[in-house]
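Since the structure comes first, as structure tokens, the remarks are kept for the end.
A, B, ... follow the sequence lines: proteins, then strands. Residue 1 opens every chain.
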Amino acid sequence: MSTSDLKLIAHLMRRAGFGATRQELKEFVSKGYESVVEDLLHPGDPENLPDDLIRRYHPDHSELRFLYSAAGYWLYRMITTSNPLEEKLTLFWHGLFATGYSKLNQARSLLNQIDMFRVNGLGNFSEILLQLSKDPAMLLWLDNNDNHKGAINENFGRELLELFSMGIGNYSEQDIKEASRAFTGWTLGNVDYMAMRASKDSIWPYGRIAWHFEYRPDDHDNGEKTFLGETGNFNGEQIIDLIAKDEATARFVSTRLFQFFAADTVGEKEQETIESMMKSYFDSNYEIRSVLRTLFNSSYFKSEKARYSRIKGPVEQIVGAIHLAGSYSTPTIGIEEVAQQAFYMGQGLLEPPTVEGWHEGEEWIDSGALVERTNFASSEVGNLDSPGVRTMIQNICTNNGGSMSPETVVDKCLDMLGAFDVSEKTLSALVGHVSRSGNIDLNDNDEFENSENRLAEVFRLITASPDFQRA
Amino acid sequence: MPTSAEEKFRIEYLKTVGICNNGFSGRGFSNPVDIAINPDNRIFILNRCDPTRRTAIRIGICNIEEDYLGEFGYGYGDGDGQFVQPTCMAFDKQDFLHVTDEHNNRVSVFDSSGKYVSKWGIPGTGEGKINNPAGIAFDSQNFGYVVNQLENRIQKFTSTGEFVMGWGEEGSGTGQFNRPWGITTDENNNVYVADWRNDRVQKFSSEGLFLKSFGDTGESEGKFQRPSDVAVDKNGNIYVSDWGNERVQIITSTGDFHTTLLGSATPSKWANDFFESNQDELVERNKSNLKPNLPPHLNSPYHTSSQTESYFWGPIAVSLDSQERLYVVESNRHRFQVYSKV
């Protein structure tokens, strides 16, 4: 196994997933990069913490009435899934098609939307938009329940074009109105009662009643419409078909995927890769799987320039740290507090701040969030009681006899944290810190506890470094 | 004892008791997980939530006339009388309420007024130790049977917690278990265990001798998905909360399928009180179809129940009172439904 292969696959797993342990990387490297990409793109049935165990242990997760319970429920999935790209992509769609709890007061239906992203996320983009347009949480979030024949509410129609598919500047105000007309009659069952309960945050008498889509032909405007230059008696399905085949949509989707998976900022040098992704979009009949395959196999994505060029989002930071630590692999008291941590860091799952989703990149970091991020990661990865940390210590013990120099200690710890790289400045600081107490000898039984603690301290320092904020 | 095969009966819905309580004191339930009915007909409901709503973890008391009689709990933690993850409960023959806590690995004992009395059980693994206790039941001799879910064992204790004997191990063969949950005893002191992840109910003698197994994995009649609790009437009919299938199934003592209940909840007295002061919701509710046809992708028992208020959602515990009325506790709907046998 070459170091460059290892580092490349570690990069892929940080981006297409939430990072990988050293043992996982070893298996991935033996498969080869392209093969791992294909496995990620064809996830199959996932192995993850089973629902029945979660629901038995956490009655709150069975009902999913509370936001933190629902967020914790999703976190279990991210932490334990065997299909990391499926979950990472679901997180991407959640950010792009941002739908929030605060207006809806309906966590179960929000998680139904998340399930929909999980099922459709790698598939055809027009199908994703269609399912999104039938999603009860989205319909209520953007007021399509108030979009009626003869009295349109353009909120959903506007965001469908502006934030979800084409981007501003690629359609007219009239297109928004026509799209809105086409989506009249797209609502949810028992809409007035459900909307009232949502607005009043009513849990009475027997908790929430989850939502389902309902099409009301009597409330649909079946008249002729002109949209993006084409005319017909369009319903919502035809509007989506017209959106999906537009070049602006291909560019919008490819660019957003590029920003989420490849680089926070997009300049001229990145356009070539985005153009290739757009070509894959059309060649595959709008299939997201093909677009991502092009991205992950591109020379840009594999290049040194792409490495560590993204600031990890809070959920990536949390899930990545827990995955390394091996905690929360069974139902555990405290998962709701973990969900709350994501809120403190600025990314509350199922509660994006607005329909625009989260502002990403460097905007993730402010002084308060940085403290939360480093404290959380350090406490997870530096916890000697966690099974993943024990495995990392054990691997360092097994593979190293005798006394280790500070340089070797830091090198081994970085390797255990997923073949992680740090800057020269960070490396120097880490080695300098270890040097103050000298070599570490894991074969010295009298000093073993102290040596373990020193290794855990190195793990904590690495996770507190500026480098660990990046993926 | 007549065999239930000879007995002709049907089950009729009687009423619903409960309302969602957000964790504050007072009437209503918050994710109830078990029920115990006192000989004086007071109904004790065990509420369990995650630590973020720890104030809601307590035992509420009411009666079938829907009078809320009070509640008790000594806070969240491992102090005397406190709970972290209370799991199941049962009255012994001397009217003491025994409550298992799978986090604290012990059984807490209260008198029927809710006053803390004592605790028993030594945390740990192996014979006589308690490791993640779940169901608890007492027989006519006042022996207590505790489900050690992670040990896949049933252990028999005196009512003061002295170990008597135990049986079971991990597996799917007869007498083996996979994360067992609820437990009950019958008139003859036979023991019935909801063998949760084996999707069956097993019957044993009071000495742990395997007698019979009921059901296997599935959604059709007589099959189970993660049965969580079991109750047995005087004629040996078996009532199972088929938790994963969101239903209750009744099977005869010979193992024949008898009835499936999907739930028939109606507004409780407390629910009607709520609507009386929230007429706007009642008006919209009365215009709604609360038994909707659902899109195919939501047509699983869990999703159907999440959208259909009258159906069981999270039927987690079953119990019978002295008149053999059936009580079905729903953790996701904060209520219990009562059925009578006619």
Side-chain angles (χ1 to χ4, degrees), chain A residues 50-53 55-69 72-73 106 108-109 111-112 115-116 119-120 131 134 136 188-197 199-215 330-337 339-340, chain B residues 16 18-20 22 28 30-33 48-53 84-85 102-103 149 179 181 196-197 225-226 228 243-244 265 267-268 270-272 274-275 278 280-281 283-290 292-295 297-298 302-303 306-309 313-314 316 330-335:
Chain A
D51 258 19
D52 61 342
L53 293 180
R55 288 183 56 204
R56 174 171 176 175
Y57 191 83
H58 298 285
D60 299 57
H61 292 211
S62 184
E63 183 197 8
L64 295 168
R65 175 157 53 101
F66 289 92
L67 177 59
Y68 295 141
S69 305
Y73 175 82
Q106 180 52 271
R108 174 66 266 172
S109 293
L111 281 173
N112 288 348
D115 284 343
M116 182 271 285
V119 169
N120 295 287
Q131 294 305 321
K134 291 180 175 179
L188 51 156
N190 299 317
V191 60
D192 293 334
Y193 185 37
M194 296 306 152
M196 173 177 283
R197 284 169 60 90
S199 67
K200 293 178 68 176
D201 191 13
S202 176
I203 56 171
W204 297 284
Y206 302 133
R208 311 283 192 209
I209 301 172
W211 301 334
H212 61 277
F213 172 70
E214 184 173 279
Y215 175 64
T330 59
T332 308
I333 285 179
I335 193 70
E336 287 80 14
E337 282 82 357
Q340 285 177 318
Chain B
T16 299
I19 194 168
C20 184
N22 229 352
S30 191
N31 299 109
V33 293
R48 165 175 167 165
C49 319
D50 280 321
T52 47
R53 292 192 297 133
V84 174
Q85 291 184 300
E102 67 175 294
H103 182 86
Q149 57 169 307
R179 295 258 188 159
W181 191 341
W196 185 60
R197 276 201 134 196
Q225 285 285 354
R226 306 294 186 261
S228 57
W243 183 79
S268 65
W270 307 338
N272 284 324
F274 169 77
F275 287 125
N278 291 271
D280 54 346
E281 285 196 46
V283 168
E284 292 302 340
R285 179 187 178 88
N286 287 341
K287 289 192 287 188
S288 300
N289 171 17
L290 295 178
N293 291 321
L294 297 175
H297 72 284
L298 292 175
Y302 175 84
H303 284 296
S306 76
Q307 309 222 2
T308 312
E309 195 190 65
W313 193 27
I316 198 167
E330 300 168 75
S331 61
N332 296 351
R333 289 277 178 228
H334 320 282
R335 67 190 181 194

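Between the SG atom of B:Cys49 and the CD atom of A:Glu336 there is a distance of 10.5 Å, given to the nearest 0.5 Å. In this structure, the separation between CG on B:Asn332 and CZ on A:Arg55 is 6.0 Å, given to the nearest 0.5 Å. Expressed to the nearest 0.5 Å, how far OG of A:Ser62 lies from CH2 of B:Trp243 amounts to 5.5 Å. Between A:Ile203 atom CD1 and B:Phe274 atom CZ the span is 9.0 Å, to the nearest 0.5 Å. To the nearest 0.5 angstrom, A:Asn190 atom CG is 11.0 Å from B:Lys287 atom NZ. Interatomic distance, CZ of A:Arg56 versus CD of B:Glu102, reported as 7.0 Å (0.5 Å rounding).
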Stepwise, does the side chain to side chain donor-acceptor pair (under 3.5 Å) test hold for A:Tyr57 with B:Gln85? CA-CA 9 Å; A:Tyr57 191 83; B:Gln85 291 184 300; 3.1 Å; yes
Test side chain to side chain contact (heavy atoms under 4.5 Å, CB included) on A:Tyr68 and B:Asp50; report intermediate values, then the result. CA-CA 10 Å; A:Tyr68 295 141; B:Asp50 280 321; over 6 Å; no
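Note: B:Thr52 leads B:Ile316, B:Asn293, B:Thr52, B:Asn272 in heavy-atom pairs under 4.5 Å with chain A. Of the listed residues (B:Arg48, B:Arg53, B:Glu330), the one with the most heavy-atom contacts under 4.5 Å to chain A is B:Arg53. The greatest number of non-hydrogen atom pairs below 4.5 Å with chain A, out of B:Leu294, B:Thr308, B:Val283, B:Asp280, is found for B:Asp280. Ranked by non-hydrogen atom pairs under 4.5 Å with chain A, the options B:Val33, B:Asn22, B:Asn286 are led by B:Asn22. Put simply, of A:Glu337, A:Arg197, A:Lys200, the one with the most heavy-atom pairs under 4.5 Å next to chain B is A:Lys200. Comparing B:Phe275, B:Trp270, B:Tyr302 by heavy-atom pairs within less than 4.5 Å of chain A, the highest count is held by B:Tyr302. Interface summary for chain A: among B:Glu281, B:His103, B:His303, B:Gln225, the most heavy-atom pairs under 4.5 angstrom belong to B:Glu281. Per-residue counts of heavy-atom pairs under 4.5 Å with chain B were compared for A:Gly334, A:Gly189, A:Ala210; the largest is that of A:Ala210.
Contact annotation: the side chain of B:Arg335 never approaches that of A:Pro205 to less than 4.5 Å [non-hydrogen atoms, C-beta and beyond]. With a 4.5 Å cut-off on side-chain heavy atoms, A:Glu63 and B:His334 count as touching.
Looking at A:Arg208, only its backbone comes within 4.5 Å of chain B, counting heavy atoms on both sides. The contact between B:Arg226 and chain A is made entirely by side chain atoms (from C-beta outward), counting heavy-atom distances below 4.5 Å. The part of A:Leu64 that comes within reach of chain B is its side chain, from C-beta onward, which places non-hydrogen atoms under 4.5 angstrom from that chain. Interface residue A:Ile209: backbone and side-chain heavy atoms are both found under 4.5 Å from chain B. Residue contact with chain A, scored on non-hydrogen atoms closer than 4.5 Å, is absent for B:Ser228. When heavy atoms are compared at a cutoff of 4.5 Å, B:Arg333 approaches chain A by way of both its backbone and its side chain. For B:Val84, the part lying near chain A is the side chain, with the backbone staying farther off; criterion is any non-hydrogen pair under 4.5 Å. Within the 4.5 angstrom heavy-atom criterion, only side-chain atoms of A:Asn112, from C-beta onward, approach chain B.
Of all heavy-atom pairs spanning B:Ala271 and A:Tyr206, the tightest one is CB-OH, 4.1 Å. When all heavy atoms of A:Tyr193 and B:Ser288 are compared, the closest pair comes out as CB-OG, 3.3 Å. Taking all atoms of both residues into account, the shortest heavy-atom contact from A:Trp204 to B:Cys20 is NE1-O, 3.0 Å.
In this structure, A:His212 has no ring-ring contact (aromatic ring centres under 6.0 Å, His included) partners at least two apart in sequence or on a different chain.
For B:Arg179 and A:Asp52, the salt-bridge test fails: no basic side-chain N is under 4.0 Å from an acidic carboxylate O.
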